[in-house]
Every structure is written in structure tokens, then in C-alpha cells.
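Below you'll find the structure, written out as C-alpha cells, and then a few comments.
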Amino acid sequence: SGQAPRANLEQIVLEADDMLHSADELRHALEQLCQRHLALRLVVDCSDAVPVWRATKDFTIDFKVLDWSCEPSNQLDLWLEHDRSQGFDLQVRCWRAMLAQRGDLPPVLVVTLHHAMTDLPSMANLLEELGDLLSGRSLEALPANALSAYHAAIQPGDAAAPFFAAQFAGFERGDLLVNLTAPSGPMRSSAGQLDSAVTNRLRQRANAAGAGFFAALQAGWALTLARWTGRPEACFGLTLSGRRQVPGHEHTQGALIATLPQRLDISGCSDLDRLLLLTQTATDDLRPHLGVSFAQIRHWADVSPAVSLFDTVLVYSRARLGDDLALRGKGWAHRKVRLLEEGESPVTLAIYGTEALELELEHDSQRLPKESAERLLDHFIRVLTAMSEAPLGADLAGLDMLSVSERAEILALAHPDAVSAEALPCIATRFEQAVGQQPEAMAMLGDGGQFTYAMANMRADILARRLRNKGIGPGDVVAINL
């Protein structure tokens, strides 16, 4: 695929004294799960022009047992980094497992999977079933051919082509948030939180506008991106759950998710309520098209493969892997579960939680430096907070995302330390003199058209009246959108 080896790699790290005492029992349980779930036996078949997934009957699991009893305390971190660098040859297998005995420390199991064959609910189900098998509990029977039935259910219908052709009419490229021409670098993460009070207010505010909480998160991200890029729209990758769209697959193992481009035109939304409704409607319209590929979207919308559809992805999950398992009981609340993952998008915003939110911004450190990533995440949190406090009909322009120090820094630009000596007559007077002397002469010429001195003067007068009507007077600071 041309991706970095570690792209789309998922590493489940489980530390549990009560589950991992026997390597033989663990191997047997993993083999049972492999036979139980088609997704664990998938490999990529590249014999045709278009690669396809193919199930193998004689699949042999990749399971290693290591002794780290005499290794340094950071051996796990070193091994995880090495494991990520190995990537996957998907023509051979799409997952592997390793059990390490660590002397006085709890044994650790690492299950490494490719994201193309799994999602968060699947990983939680897999660990729960593994725990059941190792505890002697029997597993419930699964519907036959569940994964095949799911993929049949999400195949694009006749409405997909006209929908995406209309959705991406006049599309030039995705958000200009990162420099895609720069060489990619190591992925890094920045973290933030939204407390329970703000989260609850945000949910209520979205509901008051007739939208859902998920739509509110998207609207906040779209507004943040539009402000950062100076564009009247935002287009980002939106990860949607297929389990919601196709019921009956709560226990189906596989990647029952899809990331589709969400394009939102903010210019037509004068207030927050309209933006929330626009986002909710756009999300509802997008859900029936989970089986559509990027290649199909480009073909239907006549978008070149060289044009980026988006450079950021938004993912929302109600719980992290460990928290999901803890709610299932069976001793999972006392086991340590971590999920380490790395996407292929230059920027991925992952949001977790229901009562309070945990936010992680994964970013390519070369294309979006750490300082910029932290500032971007801070602005997003401030936008969500402002949305939660906004009254009905609130103007989007009134949703503040600047910190006190940023605001002071910007306002300081209006009061420079050194002021040039004023030339008399002033530039405004000289311009008006030029208007009187040569009104039909060309004053400005550019991509936006051409303006004579008379036309430019008329526009300046209109803008001056608009500013005066808004209460702007001598000494006030006015921002200019370049």
C-alpha cells in the first residue's frame, strides 16, 4: 500500500496474573478464537489487479513465548517499538501474539493486529472471549457467515454515485492544515480533557438545536479547521460505526467501521444552531454509504487521485478498550489493558467518553509540529466550551477559541512599539484625491476581478459605514481576514 510499516497497527497490551500463567493454554485459546472468527484467518490475495481479502483454512497462528525475567525494566517498551517497526505482510497474516514472563512482574500478552481487520468493539469482544476460554467458560454460538453478511449489507446502492457527485461538486482539495509536501516524520500525541460539566452542557446544547452529541463534536472540529485554514468549509475524515447502521453484529469480529470524507460548508451557517443541524443532517446522509471506497468517490465526483480528500480524521468512541472491558465484569476491572495504535492520517483526533471527554490528537511531527498540535487541540476544546455556553441563535463569530495570552498578543499588534512618522496628507486623503483625478483608472487587478479607483472608493465607503454601524470608532482594533 505504500504506507509506513507501523501505519494502522493496533497493539493490545494485557497484564494479568490470573489469565496468563500457562503458555500452552493461551496458545490453545488463541487457536480456538482463530477458528471461531473468519476475520482472524484473513489474508490479502493480490493475484488479481484489485487485492481482495481471502480466508485460509490451514491458518497457523504466530505466537511467541519469551522469558524476560533477567531483562531490564524497559524491555516491554523496547519490544513494542520493535514490533511496530515490523509492520505486516498482509498476504501472510494480519495478527500475531506474544507472551512474556517477567519474573516478579505480571506476565504480559501483546496482541498485534492490523486495523484493516479489526475495530475497537472487536478487540474488546476478542479479549472477553479469550478470558472466558482461559477461565473455562463456554462461548455462545455465532451466526454463520456474519462477516460476509455484513459486507453484503453495506454494498453501495444506486444513490451513492449521485450523492457523492453532488457532495463534492467543485471540490479542490481537503483542508490545508498540514504541509503534505514535507517528508513524514514520527507520530506524536497531544492530550486534553473536557470536564463533565462542559460535556453535559454541550450535549444539552446540541439537543436543543435538534442535533446529537456526535454532531456537536464534528461541528466544533469543522469550525476549528475552517478558522485555522481560513476557508469557508471544512472537509475531514469521519469514522462511522457499521454496527449501528447494520444491527445484529454486536459480536461479529472484523473492521465494522468506515472512514468517509465529511464536507461541511460553514459559510452558509450564520449561527450555531444552523451549523449543528447541517452537521447532523450531513452525518445522517453519510451513514448509508459505509461500503463506498475513496476510489469510487473520486470517480463519481471527478476528483483526481493527486488531490487529498482530507488530512485530518475524527474518531469518537464512548469508551477506551480497558474501560469497555471493565464494564463487562468477569474480573476485567482488575486487569491492566492498554491499546497502542498509530493511524496513517497526518492528524487524527480521537475522542473518548460520555460523561467527561478524553481527547488525543495524533499528529505527524514533521508536518504538524508539537507546538502547533497542542495549540490546535486547545482551540478545539475552547470552541466546544464556547458552544456549550452559547444561547440559541448564537452567532458563530462569537464563539471564542483564543486564550487570554493569545488575545493579548494579537491586540498588541495594533499598538506597535515604533510608529512611523505620519506623512501628510494621509493615505486616505491621497487616495480620495486620486479618485477625483482619475476615477476610471485601474486601481486593483487580481484573481478576484479588477477595480477602478471609483469602484474601490465606493467599496471602501460601504465598508466604513458597516464598521461604523457596528460601533467601530477611532482607536478600535479590527481584524482583517486575509
Would you say the side-chain atoms of Thr112 pair up with the backbone N or O of Trp95, donor to acceptor, closer than 3.5 Å? no
I'd like to know if the side chain of Asn200 and the backbone of Ser196 have a donor-acceptor N/O pair within less than 3.5 Å. no
If you round to the nearest 0.5 Å, how far is OG of Ser189 from CG of Leu359? 12.0 Å
Arg231 vs Glu172, test: salt bridge (Lys or Arg N to Asp or Glu O under 4.0 Å). Steps then yes/no. CA-CA 12 Å; Arg231 306 179 77 194; Glu172 294 182 359; 5.0 Å; no
Looking only at heavy atoms, the pair that brings Arg227 and Asp400 closest together is NH1-C, 4.4 Å
Are any side-chain N or O atoms of Ser85 and backbone N or O atoms of His82, one a donor and one an acceptor, separated by less than 3.5 Å? yes
I need the minimum non-hydrogen distance between Val43 and Gln91, along with the two atoms involved. CB-O, 3.8 Å
If you draw a 6.0 Å radius around CG in Asp158, do more than 12 non-hydrogen atoms from other residues or ligands fall strictly inside? no
Has the side chain of Ser365 got a donor or acceptor atom that lies under 3.5 Å from a matching backbone atom of Pro186? yes
Once you measure the plane-to-plane angle for Phe431 and Tyr453, does it fall in the parallel (<30°), tilted (30-60°) or perpendicular (>60°) bin? tilted
By side-chain contact (heavy atoms from CB on, under 4.5 Å), Val303 pairs with (sequence neighbours left out) Phe171, Arg298, Ala301, Val307, Leu309
Flag the pair Gln245 / Leu240 as yes when at least one side-chain heavy-atom distance between them is below 4.5 Å, and no otherwise. no
Residues 369-385 vs side-chain hydrogen bond (donor to acceptor under 3.5 Å, both in side chains), sequence neighbours excluded, gives Trp228-His379, Arg375-Glu406, Asp378-Arg382, His379-Glu406
Could you tell me whether the side chains of Thr199 and Glu355 share a donor-acceptor contact shorter than 3.5 Å? no
Side chains of Glu10 and Thr118: any donor to acceptor distance under 3.5 Å? no
Tyr316 and Gln218, any side-chain heavy atoms less than 4.5 Å apart: no
Counting neighbours of CG on Asp302 that are heavy atoms of other residues, nucleotides or ligands and sit closer than 6.0 Å, is the number greater than 12? no
Side-chain contact test, heavy atoms from C-beta onward, threshold under 4.5 Å: evaluate it for Ile351 versus Leu217 and give yes or no. yes
Distance-minimising heavy-atom pair for Leu225 and Ala234: CB-CB, 4.2 Å
For the CG atom of Leu278 and the CG atom of Asp273, what is their distance to the nearest 0.5 Å? 12.5 Å
CZ of Arg430: more than 12 outside heavy atoms within 6.0 angstrom? yes
Would you check, one step at a time, whether the test side chain to side chain contact (heavy atoms under 4.5 Å, CB included) holds for Leu76 with Val13? CA-CA 10 Å; Leu76 176 58; Val13 183; 4.2 Å; yes
I need the minimum non-hydrogen distance between Leu339 and Leu120, along with the two atoms involved. CD2-CD1, 3.7 Å
Please round to the nearest 0.5 Å and tell me the distance separating atom CG of Leu264 and atom SG of Cys235. 8.0 Å
For the backbone of Ala390 and the side chain of Arg205, can you confirm whether one donor and one acceptor N or O come within less than 3.5 Å of each other? yes
Would you please test Glu389 and Arg201 for salt bridge (Lys or Arg N to Asp or Glu O under 4.0 Å) and show each step? CA-CA 7 Å; Glu389 299 169 348; Arg201 288 200 307 268; 3.6 Å; yes
Parallel, tilted or perpendicular for His289 and Phe163, by the 30°/60° rule? parallel
In the structure I gave you, are the side-chain heavy atoms of Arg84 and Leu340 within less than 4.5 Å of one another anywhere? yes
Could you please spell out the steps behind the side chain to side chain contact (heavy atoms under 4.5 Å, CB included) verdict for Leu147 and Leu256? CA-CA 9 Å; Leu147 186 59; Leu256 276 62; 3.9 Å; yes
Crowded around Arg274 CZ? As in, over 12 foreign heavy atoms under 6.0 Å? no
List the steps, then state whether side chain to side chain contact (heavy atoms under 4.5 Å, CB included) holds for Leu361 with Val347. CA-CA 7 Å; Leu361 190 74; Val347 177; 3.6 Å; yes
Atom CD in Glu432, atom CD in Gln437: separation rounded to 0.5 Å? 12.0 Å
Does CD1 belonging to Ile462 count more than 12 external heavy atoms closer than 6.0 Å? yes
I'd like to know if the side chain of Asp83 and the backbone of Trp79 have a donor-acceptor N/O pair within less than 3.5 Å. no
Should we say atom CZ of Arg328 is surrounded by more than 12 heavy atoms from elsewhere, each under 6.0 Å from it? yes
Tell me whether Gln438 at atom CD has more than 12 heavy atoms from other residues, nucleotides or ligands lying less than 6.0 Å away. yes
Under 4.5 Å between any side-chain heavy atoms of Arg243 and Asp119, yes or no? yes
Backbone of Ser122 reached by a side-chain donor or acceptor of Gln253 within 3.5 Å: yes
Close side-chain approach of Asp324 to Trp332, heavy-atom, < 4.5 Å: no
Kindly say whether Leu368 contributes a backbone atom to a donor-acceptor pair with the side chain of His363 at under 3.5 angstrom? yes
If every non-hydrogen atom of Val292 is compared with every non-hydrogen atom of Ala160, which pair is closest and at what distance? CG2-CB, 4.0 Å
Side-chain contact test, heavy atoms from C-beta onward, threshold under 4.5 Å: evaluate it for Leu238 versus Leu314 and give yes or no. yes
Are Asp364 and Met187 side-chain neighbours, meaning at least one heavy-atom pair lies under 4.5 Å? yes
Checking side chain to side chain contact (heavy atoms under 4.5 Å, CB included) between Val110 and each of Leu14, Ile12, Leu80, which is the one that passes? Leu80
Any side-chain to backbone donor/acceptor pair from Arg263 onto Glu233? Under 3.5 Å, distance only. no
What closest approach, in Å, do Phe310 and Gly237 show between heavy atoms, and which atom pair accounts for it? CG-N, 3.4 Å
Could you tell me which residues satisfy ring-ring contact (aromatic ring centres under 6.0 Å, His included) with Tyr352, sequence neighbours excluded, listed by chain and number? none
Asp271 vs Asp395, test: side chain to side chain contact (heavy atoms under 4.5 Å, CB included). Steps then yes/no. CA-CA 4 Å; Asp271 58 62; Asp395 193 334; 5.7 Å; no
Give, for atom CD of Gln167 and atom CG of Leu260, the distance between the pair rounded to the nearest 0.5 Å. 10.5 Å
Has the side chain of Asp89 got a donor or acceptor atom that lies under 3.5 Å from a matching backbone atom of Arg93? no
Can you tell me how far the CG atom of Leu377 sits from the CG atom of Leu349, to the nearest 0.5 Å? 7.0 Å
